[in-house]
Number of protein chains: 2
Amino acid sequence: MVTLLDVAKKANVSKMTVSRVINHPEQVTDELRELVEQAMDELDYHPNYVAQALVNKRTNVVKFVTLEDIDTTEPYYMNLLFGIARGLSKKQYAIQLVTDRGQIEDGNFDGYLITGARSSDYAFFDNLKKPFILFGENHHGYDYVDNNNQYGGELATKYALSRLYQNIIFIGIDVREPFEYSRETGYVNTLQKNKKVPQIYRIANHSHAAQEVIKNNFHKFPKDTCFICASDRIATGVVRQLQDEKAKVPADFGVIGYDGVFLDQVSNLKLTTVKQPIFKMGELLANMLLRKIDQKGSPQGEALIKPSLVKRESTR
Amino acid sequence: MVTLLDVAKKANVSKMTVSRVINHPEQVTDELRELVEQAMDELDYHPNYVAQALVNKRTNVVKFVTLEDIDTTEPYYMNLLFGIARGLSKKQYAIQLVTDRGQIEDGNFDGYLITGARSSDYAFFDNLKKPFILFGENHHGYDYVDNNNQYGGELATKYALSRLYQNIIFIGIDVREPFEYSRETGYVNTLQKNKKVPQIYRIANHSHAAQEVIKNNFHKFPKDTCFICASDRIATGVVRQLQDEKAKVPADFGVIGYDGVFLDQVSNLKLTTVKQPIFKMGELLANMLLRKIDQKGSPQGEALIKPSLVKRESTR
DNA sequence: TTGTATGCGTTATCAG
DNA sequence: CTGATAACGCATACAA
């Protein structure tokens, strides 16, 4: 392994000069700097992150915590994780996935990335001793990253209107969480502006729950109805049941999903959906946490990223 | 932060004794050992892994490399990753996900976990300077973990026979890789033993490719046929197309998938499938790599885990 | 601007 | 069996 000292010898300087070239290049003369940089190149020097970490009282590790009890096979999270990994890689940070709740405080690490947080978890956050960023909007002052859920709701609703569907119904998730209300708000606002009456169903986030609600209420849905769904899971169930009812999708009935990860593409009909830039969100999440760690825990605020509408086969 | 020295003071010993209690407890008298352990308890001492890593010339980081060009949203890998995380957590190891091929040698780490390797990658492995374990069978002497693919093929085929399907057809993936051949071998052997003639199609691993092959050949398939598929993706497509052909599944046609992660449950018909214990495989993968690192890279051999058959709605 | 000394928390080595 | 010392690679504080 090539160390600072090796470089220092080669460049005929002390190892501190080398260290400075790396961390505070402005403090060293151009002449020496170039000499040192050349030596680093020739020796293919790479800093030892472990040694840096030790002296900086850092670990270069962050924990990824999934609070939601969900199926971790949900592809959604895989994308997020890769985005996070990308963000962390710039500073050579590594991830520990927390699989047991008991591991949350275990070991050495510099901070948390937390996903699947519910309002009921807020008390828990206040006891955390290291900096953290949430994935998912909240309005209690915790730093977070999310897609702009309200904007997403608007996007879907406006598109349904533009395709001249006459009745626009929202099929939401029955959780009392900000992300859900924000999507609904985007839907409601847009309808009101267009002098239409909002109509909302709230169900469990499963395709069969969606099938159920369509089955039970199908007689109430006139032709030219578009369903704005709060997730692709729900949208998949809606499409499936509409087809079972021999309804024509997308000619008579439209369906718009939300998320745009994997599920939207395995559905029998490729879904029109509000796509979250999950990878990018993961990257941002990582960047924010690293900055927060650098700044010794100072607040980072919120970061909302705009989702986009992907037009496919479930709308006309 | 509580250090060795703090514990040492409290226990009135040198820090070396404390260190020994942790690493070589047999070298210290019972009396002192208990004293030290008590002090550690009272102070809630936890070793600093970074300092350990520095002195041991370790990093406590392993890289997770996905060579396959696949959609990283494939849920399969999420489970694997969580299994790996579990395995690594015992020694407080962290993961770096490699998203760019260029990052493979970047930074400091102790070894690799490699998935999605193809035969064409073998040359690449020989240049790796750190220990690695492959996920996925190979027969070139590289250490690996996989499910027992041949056993899985047998399992599916035997079950189809036991359900009295008369024709049993294998829909495989058109890659020349050991995992595929092993699954096929399990199928072929079982049929031969039962004096039936094997029949194999090989297609791309996509549901629409599966739909295609069923569509084009449907007239050749008599009632009482069971399709043994090399993946749940393929099985999903087969089911969908059979339904489109108005064929009765599972009464007249059976379908058995392979993998048992996520997809098998979102299919319209819940799939009978050969389920891989992915989480466990991930854990094993981590354990093997940690052991290999401990043993300075000595060979670990292969680890085959038996898959199991999950009986659901796509077989009678 | 550059170099020297010191310490981060741990473990190996060797002395007692 | 136990303790003092040095070392891992780097960065901060201070001196030159």
Side-chain angles (χ1 to χ4, degrees), chain A residues 1-40 43-61 91-93 106-110 293-294 296, chain B residues 1-40 43-61 91-93 106-110 293-294 296:
Chain A
M1 149 162 274
V2 182
T3 74
L4 272 189
L5 193 59
D6 298 321
V7 178
K9 281 180 190 160
K10 179 146 196 127
N12 273 318
V13 295
S14 80
K15 53 183 187 171
M16 267 321 298
T17 306
V18 182
S19 172
R20 272 193 272 262
V21 168
I22 296 168
N23 299 301
H24 313 282
E26 73 284 358
Q27 296 180 9
V28 57
T29 56
D30 291 357
E31 191 185 12
L32 275 190
R33 194 164 40 68
E34 277 176 30
L35 217 65
V36 169
E37 277 168 353
Q38 194 182 340
M40 295 199 306
L43 293 174
D44 192 32
Y45 169 77
H46 295 285
N48 182 327
Y49 287 92
V50 176
Q52 286 184 334
L54 179 63
V55 68
N56 291 328
K57 306 230 179 220
R58 294 269 179 72
T59 64
N60 288 354
V61 169
K91 295 202 169 183
Q92 285 291 330
Y93 262 69
D106 266 21
N108 312 118
F109 55 97
D110 299 335
I293 291 170
D294 255 357
K296 305 183 181 186
Chain B
M1 151 162 270
V2 182
T3 74
L4 271 188
L5 193 59
D6 299 320
V7 178
K9 281 180 190 162
K10 180 149 196 126
N12 274 319
V13 296
S14 80
K15 54 183 186 170
M16 266 322 296
T17 306
V18 181
S19 173
R20 271 193 273 262
V21 169
I22 296 168
N23 300 301
H24 313 282
E26 73 286 357
Q27 296 181 10
V28 58
T29 55
D30 291 358
E31 192 184 11
L32 274 190
R33 194 164 42 67
E34 278 176 28
L35 217 63
V36 169
E37 277 167 353
Q38 195 182 339
M40 295 200 305
L43 294 175
D44 191 32
Y45 168 78
H46 295 286
N48 182 327
Y49 287 94
V50 176
Q52 285 184 335
L54 179 63
V55 68
N56 291 328
K57 306 230 179 221
R58 294 270 179 72
T59 65
N60 289 353
V61 168
K91 295 202 170 184
Q92 286 291 329
Y93 262 68
D106 265 22
N108 313 119
F109 55 95
D110 298 336
I293 290 169
D294 255 358
K296 306 182 181 189

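Hydrogens, waters and symmetry mates play no part in the numbers below; they use all other heavy atoms, side chains included. Below, read A as the first sequence line, B as the second, and so on, with proteins coming before strands; counting in each chain starts at 1. Quantities reported herein were computed from a predicted structural model and do not represent experimental measurements.
R58(B) is listed as a side-chain neighbour of I293(B), based on a closest heavy-atom distance under 4.5 Å. A 4.5 Å side-chain heavy-atom check between V18(B) and V13(B) finds at least one atom pair inside the cut-off. A heavy-atom distance below 4.5 Å is found between the side chains of I22(B) and L4(B). Between E37(A) and V21(A) there is a side-chain heavy-atom pair separated by less than 4.5 Å.
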Report task. Summarise protein proximity over nucleotides 4-16 of chain D in one line of letters, 5' to 3': B for base, S for sugar-phosphate only, - for none, counting protein heavy atoms closer than 4.0 Å. Result -> B---BBBBB----

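Each of T59(B), N56(B), V55(B) was scored for a side-chain contact (heavy atoms from CB on, under 4.5 Å) with V50(A), with one residue passing: T59(B).
At dT2(C), one or more side-chain N or O atoms of T29(A) fall inside 4.0 Å of OP1 or OP2 (strictly under the cut-off).
Between D110(A) and K91(A), none of the side-chain N atoms (NZ, or NE/NH1/NH2) sits under 4.0 Å from a carboxylate O, so this pair counts as no salt bridge. With respect to the salt-bridge test (charged N to carboxylate O, under 4.0 angstrom), the residues D30(A) and R33(A) qualify.
End-to-end axis angle for the helix from dT1(C)-dA16(D) to dG16(C)-dC1(D), using five pairs per end and rounding to 10°, comes out at 40°.
Residues passing the side-chain contact (heavy atoms from CB on, under 4.5 Å) test with Q27(A), sequence neighbours excluded: R20(A), H24(A).
Looking at heavy-atom distances under 4.0 Å, E26(B) makes contact with sugar-phosphate atoms alone, never a base.
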